[in-house]
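These notes are about the structure you will find just below.
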Amino acid sequence: MILPAKHLKPDRSLLGIGSEILTELEDEQTVSELWERLQAARATQSKSISFDWFVVALSFLYAIGTIDYSDGIVSARSPS
Amino acid sequence: MKGLRPEIAYTIPKTRREWMNLSNEYWLKISLQLKLRQSSGDDFQNFHSDIMEKIHGDDFVRVRPFGQLGDKGCDGYLKSTGVLFQCYGAVNGDKSKVKNLIGKMEADFSKAKENLSDIMKQWYMVHNLVDGLPVEAIQVLNKLETENPDLTLGFVGREGFENLILQLNEEDVIELLGPVATNEDSRNLQLPQLKALIDAVVTVTKSGGVDLEKIGPVPVDKLDANQLPDYWKKLIEGGWQNAYIVAGYLDKSPDPLIGEAIADLFKAQYEYLKAQMLSPESIMENLYEFITGIGTVPTARQVASQALLAYLFESCDIFENESKAAKA
């Protein structure tokens, strides 16, 4: 589910969605704001995903240390 | 009279009725084979009798599974030619119970010979072993032929049933086997039907545990390499026109993992069937039945199932790719 597979296109894999989330993430945003930005970006290409899958992608980004989450705010982690 | 064979032999001519074309003949063969697998015991005997009555009318005598004639080794009788039928319908066309089959052949023939020799000129064992008979059955038949040179003996199996069905009109075929899809139906795949089908399949999938595989091109000549019979090849080829619709539907599903889950399920099912040393034809039938379920299948569902099978075949989730099949 992280990487693309035969029946899982790159833009639906966690890696693909994660990269889109990082593109849409500006400074600090709430989860809801980030979700709306992502939906808007994907709507132009008719590629909607469920909120559940968005949350899994966020969890993936958090697990690999690319985002921080505190008090309901998501922010990009600066590379050390 | 000893040494003389009856002049009229029971043969099943292979003729195709006008309403039938190559496309629905393929669907018909699949429906028939599924019906044969799904019928056993009395159901199988009744199925054979239904067909024979439609073809021969009153010349065919239906015998109740119980009762006097049924106890005398007779499951059906064709008066004009003196052909006596004995039916053997194994559960799911399972030919592994050889002893049962051999025992029934010998016992029923003995009963018929003892009780019905005055009317019996020919004797045929009608069976539903679509994968073929075990060699022991042929040996028993040869032995019975040698011991009874006045009689004509034989088997009626899958091919015999196909030839019988081909003689029927469309209404009778639908009554016996259910509706049969056509090329026209294939060109009009119904999305709601596809959705219902995939939803039904997804309920049996397991979540998680997706194996990653190399995404490669579809091997050429995969149909030939897997030694599928012509009618299955034609059906899968026909399903390819709708495979992209299946791909599109899965791609837009709210669950991104649905495609992988379905692929895993069918891959596991294919490996399970392959491990049982079934023929490619039997494997494909079982996969088709796995999708459609048992019973009469509406044409729209037949077409959706064809599309799903073609999609899985094309994406190499079922059957062997060309190079692997060649090595086998």
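Chain A is the first sequence line, chain B the second, and so forth, proteins listed ahead of strands; every chain is numbered from 1.
Side chain of E260(B) to main chain of K6(A): a donor-acceptor pair is present (N/O by atom type, distance under 3.5 Å, no hydrogens or angles).
More than 12 heavy-atom neighbours from other residues, nucleotides or ligands sit within 6.0 angstrom of CD on E33(A). By the neighbour-count criterion of 12 heavy atoms within 6.0 Å, atom NZ of K9(A) is sparsely surrounded, having that number or fewer from other residues, nucleotides or ligands.
Residues P256(B) and M1(A) form no side-chain contact, since every pair of their non-hydrogen atoms from C-beta on lies 4.5 Å or further apart.
In plain terms, the two heavy atoms of S50(A) and P254(B) that are nearest each other are OG-O, 3.8 Å.
Side-chain contact, H7(A) with D251(B): no donor N or O sits under 3.5 Å from an acceptor N or O.
Among residue pairs with one or both ends in residues 55-69 of chain A, those qualifying as side chain to side chain donor-acceptor pair (under 3.5 Å) are D68(A)-R77(A); sequence neighbours excluded.
If you measure heavy-atom distances from D255(B) to chain A, the contacts under 4.5 Å come from the backbone alone.
Of the inter-residue distances, the one linking R12(A) atom CZ with S253(B) atom OG reads 6.0 Å to the nearest 0.5 angstrom.
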